Amino acid sequence: MTFDLAADLEERRRQHRFRYPLVMDGPCGRHARLEGRDYLNFCSNDYLGLANDPEVIAAFQQAASEWGVGSGASHLVCGHQRPHQELEEALAAHTGRERALLFSTGYMANLGVISALLGKADAVFEDRLNHASLLDGGLLSGARFRRFAHNDPLALERLLQRGEARRKLVVVDGVFSMDGDEAPLAALAEVCEANEAWLMVDDAHGLGVLDELGRGSLFAQGVNARTQILMGTLGKGLGAGGAFVAGSHELIETLIQFARTFIYTTAMPAAVAAATLVSLEKSRQENWRRQKLAELVKRFRAGASEQGYTLMASQTPIQPILIGSDADAMALSAALREKGFLITAIRPPTVPEGEARLRVTLSAAHELADVDALLTALEQCQK
Ligand SMILES: *Cc1c(COP(=O)(O)O)cnc(C)c1O
């Protein structure tokens, strides 16, 4: 039989890698409601607690009344409504760049940018731990594809100095999504400059979270002017959905002409853009959210490492507990679930073999007492 799907599914099950979505019966926030029970939610990417914020919801409702639900078309036909334009301008100003361009998702932004800029004559250099969408974008582009050791600018430099290419693009996560550590951007920028490469940073997990105005990794590390391409998502720290790319006029014009995932898709609903405008403003002004996150991170790290859990080199709200085997990670996730905590186990191929983990994420929606409760539960699970 050609399509023996059952065998593949069975193999997946046998490896403890079978995945399925949980059906959530409430909004994303401090709690997650499912199967009639409330859990403390420690696995969303809603770092600032804006996904269910009353002001953001009100902006969404108001804009839905005014603009309807669907945009009705792609941006280049007639789907680009005033709120989309305003959000692009606000994102450009926020990130200190000439222009910004909206995409419907971060996945599409990454596919679109890399494949618009690179072709067979070019080369793309990616950190080994880059997000799947960056890797897929590199492969889709047809450019020569090179991966370098995680957060290792010297390894990158060796690769850059080897081969010839028309264009060289270096691509990294600003904050690595499954580890929570940050790319050494100044060192990477230096290597790029010395080798006539462009630097692209995917700041899905830095935007809203890092820098005193939430402008992300590039501002936190002082490399905004040295980074040609910034990609950010709107569905994590900003609590909405969609993504953007920010850079020079020429970059954005190029994407409008050549990024197929921008051209051939329906514009996000205007109400999402309008709601994001409000959450962006809140993320700039409400620095208490970042201060609270820092407190939660400190408390969690101190408590979990004291108990002997293996944490990762992360100062961000992504605080994975490294477990190792898939089965052990699943077992700890299930034990915590029993105690009222929702934390999904992350397994290969999302992370390398033998590095299954519980990806604990903190949010400004949490209280210190929530972290203490989690620490108590972790301690009990160890016994
Ligand atoms: C989540 C994520 C994306 C994809 O963004 P979506 O808007 O969810 O499609 C891209 N890059 C990184 C690093 C991410 O974590």
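Given the structure is predicted, the values throughout are model-derived calculations rather than measurements.
In this structure a side-chain-to-backbone donor-acceptor pair under 3.5 Å is missing from R299 to D372. Side-chain N or O atoms of S104 include one that pairs as donor or acceptor with a backbone N or O of T266 at under 3.5 Å. With hydrogens and angles disregarded, a donor-acceptor distance shorter than 3.5 Å links the side chain of D203 to the backbone of S217. When atom types are taken as modelled, the side chain of S363 and the backbone of D46 share a donor-acceptor pair closer than 3.5 angstrom. S44 places no side-chain N or O within 3.5 Å of a backbone atom of C28 that could act as its donor or acceptor partner. Checking side-chain atoms of E157 against main-chain N and O of V191 turns up no donor-acceptor pair under 3.5 Å. Although no hydrogens or angles enter the test, the distance criterion places no donor-acceptor pair under 3.5 Å between the side chain of D122 and the main chain of L169. At least one donor-acceptor pair closer than 3.5 Å links the side chain of R167 to the backbone N or O of L117. Put simply, the side chain of Q319 never gets that close to the backbone of L362: no donor and acceptor are under 3.5 Å apart. Here the side chain of N224 pairs a donor or acceptor atom with the backbone of T95 at under 3.5 angstrom.
No more than 12 heavy atoms of other residues, nucleotides or ligands sit less than 6.0 Å from atom CD of E164. E86 CD: more than 12 foreign heavy atoms inside a 6.0 Å radius. Counting non-hydrogen atoms of neighbouring residues, nucleotides and ligands closer than 6.0 angstrom, the CZ atom of F258 reaches no more than 12 such neighbours. Heavy-atom neighbours of R260 CZ from other residues, nucleotides or ligands within 6.0 Å: at or below the threshold of 12. Under a cut-off of 6.0 angstrom, the local environment of CZ in F18 is crowded, with over 12 non-hydrogen atoms contributed by other residues, nucleotides or ligands.
We find the CG-NZ distance between L238 and K282 to be 12.5 Å, quoted to the nearest 0.5 Å. Taking CG from L374 and CZ from F42, the interatomic distance works out to 5.0 Å, rounded to the nearest 0.5 Å. For the atom pair CG (L40) and NZ (K339), the distance works out to 14.0 Å, reported to the nearest 0.5 Å. In this structure, the separation between CG on L342 and CG on D38 is 11.0 Å, given to the nearest 0.5 Å. Taken to the nearest 0.5 Å, the CD atom of Q228 stands 12.0 Å off from the CE atom of M200. Atoms OH and CG, from Y39 and L34 in turn, are 5.0 Å apart once rounded to the nearest 0.5 Å.
Look at D179 and R357 and you find a salt bridge, because one of the NZ, NE, NH1 or NH2 atoms lies within 4.0 Å of a carboxylate O, short of that distance. Using a cut-off of 4.0 Å between Lys/Arg side-chain N and Asp/Glu carboxylate O, E253 and R99 are scored as salt-bridged. Between K292 and E295 there is no salt bridge, since no side-chain nitrogen of the basic residue lies less than 4.0 Å from a carboxylate oxygen of the acidic one. Residues E66 and R82 are not paired through a salt bridge, judged by the lack of any N-O separation under 4.0 Å between the basic side chain and the carboxylate. Under 4.0 Å is where a charged nitrogen must lie from a carboxylate oxygen, and between R97 and E88 no such pair does.
Across L129, N130, V172, a single residue satisfies side-chain contact (heavy atoms from CB on, under 4.5 Å) together with H150, and that is L129. Each of N45, T350, T344 was scored for a side-chain hydrogen bond (donor to acceptor under 3.5 Å, both in side chains) with R359, with one residue passing: N45. Here the options are L101, T276, L87, L230, the test is side-chain contact (heavy atoms from CB on, under 4.5 Å), and the partner is F244; only L230 passes.
With a 4.5 Å cut-off on side-chain heavy atoms, K168 and E196 do not count as touching. No side-chain heavy atom of D8 sits less than 4.5 Å from a side-chain heavy atom of D4. Taking 4.5 Å as the limit, some side-chain heavy atom of C381 sits within range of a side-chain heavy atom of L336. Contact annotation: the side chain of L378 never approaches that of F341 to less than 4.5 Å [non-hydrogen atoms, C-beta and beyond]. Annotation: side chain of L207 is not in contact with side chain of T233 (no heavy-atom distance under 4.5 Å). The shortest distance between side-chain heavy atoms of D173 and D127 does not fall below 4.5 Å. Using a 4.5 Å heavy-atom cutoff, the side chains of F60 and V272 are in contact.
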* **Derivation of the side chain to side chain contact (heavy atoms under 4.5 Å, CB included) call for F148 and R158** => CA-CA 9 Å; F148 59 92; R158 282 193 295 275; over 6 Å; no
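Using bins of under 30°, 30° to 60° and over 60° for the plane-to-plane angle, the ring pair F262/F103 lands in the perpendicular bin.
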